[in-house]
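I have placed the structure first, in the form of C-alpha cells, so that the comments after it can refer back to it.
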Amino acid sequence: DTGVSQDPRHKITKRGQNVTFRCDPISEHNRLYWYRQTLGQGPEFLTYFQNEAQLEKSRLLSDRFSAERPKGSFSTLEIQRTEQGDSAMYLCASSFDRDLNEKLFFGSGTQLSVL
Amino acid sequence: QKEVEQNSGPLSVPEGAIASLNCTYSDRGSQSFFWYRQYSGKSPELIMFIYSNGDKEDGRFTAQLNKASQYVSLLIRDSQPSDSATYLCAVKTSYDKVIFGPGTSLSVIP
C-alpha cells in the first residue's frame with residue numbers, strides 16, 4: 001500500500017492555458033474523489049467516481065473542468081482555459097465504499113497557481 | 001444554507017483544557033459523520049467516525065451525534081499543543097458522497 005499519489009505537486013500556468021492533474025488511488029479502493037481547497041477553507045467537492053463511473057459532478061463546477069477515471073484505476077482532472085480564480089490546492093482522495101465508515105485517504109495534493 | 005457548517009474560529013484553549021468543536025448539516029438523510037484533522041500544509045486525516053446517535057469515545061476524543069438536531073460535535077480532552085490544527089467535519093450524505101465543512105482552526109496554548 002503506497003497511498004494515494006498525485007502528480008504534479010505544483011503547477012504554475014498562465015491564464016488561458018489548459019492543465020491536467022493525475023491521481024493514483026490505493027489499488028483496492030473503488031471510489032475516487034476530487035476536491036478543491038483554498039486557504040482557510042474546507043475541501044470543496046468537485047466530483048467522484050465509483051470504479052470507472054462518474055457519479056456526480058458539482059453543479060458549481062464550470063464546464064471547463066472535466067475528470068475521467070478510465071478502467072477504474074487512476075484519474076485525471078483537466079481544467080481548460082484556466083482563470084486566476086482556479087488557483088487552489090486540488091486534492092484527490094480514495095476510499096472503499098463497503099459500509100457507512102467510508103474513510104477517505106488523501107493524496108498530498110496539486111497546488112495550482114494561475115498567473 | 002451551506003450543506004455543512006462549523007463554528008467559526010479560530011478557537012484557542014489552554015493546554016489541558018477541553019476543546020469543543022461543533023458542526024451542523026442540512027441533509028436530514030445523511031448517513032455517517034466524520035472528523036478529520038488537517039495540519040498546516042498537510043492533507044486531512046481521519047480521527048473519528050460516528051453514525052449512531054449518542055457518544056463515541058476514542059482516547060482523548062469524543063464524538064457526539066444528534067440526528068434530530070442535525071448536529072455533530074467533537075470534544076478533545078486534555079488538549080495538547082500537538083492538537084493545534086484545523087478540524088474538518090465531513091458528512092456522507094443521502095446521495096452517498098462525502099462533503100466537508102469549512103473547518104475550525106484550533107490553537108492549544110502551552
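The sequence lines fix the lettering, A, B, ..., with proteins before strands; numbering per chain opens at 1. Note that the structure is predicted; figures quoted are calculated from it, not measured.
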If one checks every heavy atom of Leu104(A) against chain B at 4.5 Å, the contacting part turns out to be both

Give, as side chain, backbone, both or neither, the part of Gln37(A) having an atom under 4.5 angstrom from any heavy atom of chain B.
side chain

Greatest number of heavy atom pairs closer than 4.5 Å to chain B - which of Lys103(A), Gln41(A), Met89(A)
Lys103(A)

Applying a strict 4.5 Å limit to non-hydrogen atoms, the region of Glu45(B) in contact with chain A is neither

Might you confirm whether atom CZ of Phe61(B) has over 12 heavy atoms from other residues, nucleotides or ligands at distances under 6.0 Å?
yes

Any side-chain heavy atom of Leu55(A) within less than 4.5 Å of one from Lys97(B)?
no

Segment of Tyr36(B) engaging chain A (4.5 angstrom heavy-atom cut-off):
side chain

Does Leu88(B) belong to the same Ile/Leu/Val/Met/Phe/Trp/Tyr cluster as Leu11(B), with side-chain heavy atoms less than 4.5 Å apart forming each link?
yes

For the pair Ser32(B) (side chain) and Asn101(A) (backbone), establish whether a donor and an acceptor sit closer than 3.5 Å, ignoring hydrogens and angles.
no

Would you kindly confirm whether Trp34(A) and Val4(B) end up in one hydrophobic cluster when ILVMFWY residues are joined by side chain heavy atoms under 4.5 Å apart?
no

In terms of heavy-atom contacts, does CD1 of Ile109(B) have more than 12 from other residues, nucleotides or ligands at under 6.0 Å?
yes

Considering only heavy atoms and a distance below 4.5 Å, find which of Ser105(B), Pro44(B), Cys89(B) pairs most often with chain A.
Pro44(B)

Does Phe65(A) belong to the same Ile/Leu/Val/Met/Phe/Trp/Tyr cluster as Val114(A), with side-chain heavy atoms less than 4.5 Å apart forming each link?
yes

Looking at every heavy atom in both Glu102(A) and Asp96(B), which two are closest together, and how far apart are they?
OE1-O, 4.3 Å

Does atom CD of Glu15(B) have more than 12 heavy-atom neighbours from other groups under 6.0 Å away?
yes

Is any side-chain N of the basic residue among Lys92(B) and Asp97(A) closer than 4.0 Å to the acidic one's carboxylate O?
yes

Validation row, ring centre Phe45(A) to ring centre Phe100(B) under 6.0 Å
no

Okay, Glu56(A) and chain B: the region with an atom under 4.5 Å from a heavy atom over there is side chain

Below 4.5 Å, heavy-atom pairs only: which of Ile99(B), Thr86(B), Ile50(B), Leu46(B) has the largest tally toward chain A?
Leu46(B)

Cluster question for you: counting only ILVMFWY and a side-chain heavy-atom cut-off of under 4.5 Å, with indirect links fine, are Phe74(A) and Ile79(A) together?
no

Counting heavy-atom pairs under 4.5 Å with chain B, the top scorer among Gly42(A), Gly40(A), Pro43(A) is Pro43(A)

Does OH in Tyr95(B) sit with more than 12 non-hydrogen atoms of other residues, nucleotides or ligands closer than 6.0 Å?
no

Is the count of non-hydrogen atoms from other residues, nucleotides or ligands lying under 6.0 Å from Arg60(B) atom CZ greater than 12?
yes

